[in-house]
Amino acid sequence: MRAIGIVDCNNFYVSCLRSFMPKLIGQPVIALSNNDGCVVARSNEAKKIGIKMGQPLFQITKKIFDYNVQVFSSNYELFGDMSRRVFSAMQRFVEEFHPYSVDEAFFSFNQVEQMQPGLLEYCQSIRSTVDQWTRIPVSIGLAETMTLAKVANKWAKSHPEHQGVFWIDTAEKRDEILDQFPIQDLWGVGRQYQALLKRHGIKTALQFSKMPHDWIQQFMTVEGLRLIYELQGIPCRSLDTEPLHKKSICVAPSFGRKVTKYSTVYEALATYLARAAEKLRKHQSAAGVVTVFLHTNRFDPIGPHHYGSMSVALPHPSSSTTELLNYAEPLLKAIWKEGYDFQKVGVILNEIMPVEHQQKLIFADSPDPRHAALSQVVDQINLRHGRDKLRVAAQGYDKSWKIKQRYKSPCYTTKWSDILTVK
DNA sequence: TCTGGGGTCCTAGGACCC
DNA sequence: TCTGGGGTCCTAGGACCC
């Protein structure tokens, strides 16, 4: 028998912080999104006092004061590195390991019957090893399909008596759990589908799994149908059908303040484009289409508002920062409007293909090999000496528009200057 | 309802082809 | 008053995920 598993780090960002600041254990702790905008991770204590996922920070200032909530800005350098550590630990103990997000990964066991001492005990030992190595608590869900594994994982989290591991191993157990499982907690059911299903009297996953297939397909597309099959134990998603390369890369953080000057927006665009091109090169890919967009703050009730977006197809795919910027700059000029308070500029790269494919094609205007060589040198230098040590002049020096991070934690694992010291 | 950012897949409808 | 069939490609938009 085969079992599909999903491992999920509990309150991941908060757990990363606690890993290096043990005094935070037992306290209400939250981690914020970019610009300290809203809550993206909460400790159990923070959940208990009613802080919601995605809630804007300004709405909970009183709660933070009253309960002495510990607040931290995003620190993706730390979180990303901790994610790598957890995954590399996990990987040793399972088959077919596939990271799904920064804090989740799927895996499988193909011969469950032959496992000694048994699947549950084995997963328990994985859990304690990961905890010992990284101080990140994880939960593990196991079942016949990916969707049921997600259900099992949620069950493990909400029922502490299972000590972080739950296995849906029989049809009876499956139906028993699905009968108690709220529809909105299912993987693939968001706000809209939840409302639709509730209007039709569907409240639990078990009820959902018995809906007529043609109705589901009509209102929830084939994705809804797949969901039903998966809940019945018939796999419709597989671990190994992940895309070989990304289809799009987007870099678009908001400004830390309102920006009205073209030159400032252009500096930000050049910086984001450099970041996007770095990602492309890391995946040995090149992009064929560049999109630039720009907008004011949509939540500002007064305005005036402006939204602009424009794309261009390149004569040949490229991953060179300078070359991509040559195409992006006219786009920004075209969508620019004077006299607005802009909140964000962003760049999206599309039509992404691996570089080896690129070389097989014949282009009217073939890429200049010097661009690739230059980018490679820039990446090597920046890898050693820090991001943007070597950069395009257009990225500028005035970084006043950069995101706000008032409560930033140290990068304990990636910066010598931030390393933990023991006195 | 969301004042974050970065992704995915699916569908409807229009343009255009023979 | 009636009036083809069959196909592809592209885009916008909607739903979802973490």
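Values below: all heavy atoms of this structure, side chains included; hydrogens, waters and symmetry mates excluded. Per chain, numbering begins at 1; letters A, B, ... match sequence-line order.
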Return a table of donor-acceptor pairs under 3.5 angstrom between the side chains of residues 267-274 of chain A and protein atoms on other chains or two or more places apart.
| from | atom 1 | to | atom 2 | distance (Å) |
| --- | --- | --- | --- | --- |
| A:Thr271 | OG1 | A:Glu267 | O | 2.8 |
| A:Tyr272 | OH | A:Pro253 | O | 3.2 |

Between side-chain atoms of residues 298-306 of chain A and protein atoms elsewhere (two or more places apart, or another chain), which donor-acceptor pairs fall under 3.5 Å?
| from | atom 1 | to | atom 2 | distance (Å) |
| --- | --- | --- | --- | --- |
| A:Asp300 | OD1 | A:Ile302 | N | 2.9 |
| A:His305 | ND1 | A:Thr296 | OG1 | 3.0 |
| A:His305 | ND1 | A:Asn297 | O | 3.4 |
| A:His305 | NE2 | A:Asp300 | O | 2.7 |
| A:His306 | NE2 | A:Ile335 | O | 3.1 |

Symbol by symbol from the 5' end, with Watson-Crick or G-U pairs under 3.5 Å, [ ] crossing and | another strand, DNA chain C is ....||||||||||||||
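Remark: P of C:dC18 and CG of A:Leu186 are 11 Å apart, rounded to the nearest angstrom. Put simply, CD on A:Gln343 is 12 Å from C1' on B:dG5, counting in whole angstrom units. Atom-to-atom, CD1 of A:Ile249 to P of B:dT8 comes out at 9 Å; the value is rounded to the nearest Å. A straight line from OH of A:Tyr13 to C1' of C:dC18 spans 8 Å, rounded to a whole angstrom. Rounded to whole angstrom, the span from the CG atom of A:Asn34 across to the C1' atom of C:dC18 amounts to 15 Å. Here B:dG4 presents its P atom at 8 Å from NZ of A:Lys344, a figure rounded to the nearest Å. Protein atom CD1 of A:Ile352 is 11 Å distant from nucleotide atom C1' of B:dG7, rounded to whole Å.
Aromatic ring orientation, A:Trp155 versus A:His159: parallel (interplanar angle below 30°, classes split at 30° and 60°). Between A:Tyr13 and A:Phe79, the ring planes are parallel. Angles under 30° get that label, and only those over 60° would be called perpendicular. The aromatic rings of A:Phe293 and A:His295 sit parallel to each other, their planes meeting at less than 30°, with 60° as the upper class boundary.
Here the options are A:Val39, A:Ile51, A:Ile60, the test is side chain to side chain contact (heavy atoms under 4.5 Å, CB included), and the partner is A:Val69; only A:Ile51 passes.
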For a quick check, with a 4.0 angstrom heavy-atom cut-off, what is the B/S/- contact string for nucleotides 9-14 of chain C, read 5' to 3'? ------
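Applying the side chain to side chain contact (heavy atoms under 4.5 Å, CB included) test to A:Ser409 and every residue at least two apart in sequence or in another chain returns A:Leu17, A:Met21, A:Phe72, A:Asn75, A:Leu78.
Between A:Phe299 and A:Lys279, the residue anchored nearer the 5' end of DNA chain B, judged by the nucleotide with its closest heavy atom, is A:Phe299.
Looking at A:Thr221 and A:Glu223, their side chains never bring a donor and an acceptor atom within 3.5 Å of each other. A:Ser73 and A:Asp36 share a side-chain donor-acceptor pair at under 3.5 Å. With hydrogens and angles left out, the side-chain atoms of A:Arg281 and A:Ser320 include no donor and acceptor closer than 3.5 Å.
Taking the six-membered ring for Trp, A:Phe106 and A:Trp187 have ring centres closer than 6.0 Å.
Contacts with DNA chain C (heavy atom under 4.0 Å) in residues 36-67 of chain A: none are found.
Listed pair A:Thr221 / C:dA15 fails the phosphate criterion, with no side-chain N or O lying under 4.0 Å from OP1 or OP2.
Taking every side-chain heavy atom of A:Asn35 into account, B:dG4 is the closest of B:dG4, B:dC2, C:dC17. Closest to the A:Asp103 side chain, of the nucleotides C:dC18, C:dC16, B:dG6, is C:dC18.
Taking the P atom of each, B:dC2 and C:dG14 are spaced 14 Å apart, rounded to whole Å. One C1' atom belongs to B:dC16, the other to C:dG4, and the distance between them is 16 Å to the nearest Å.
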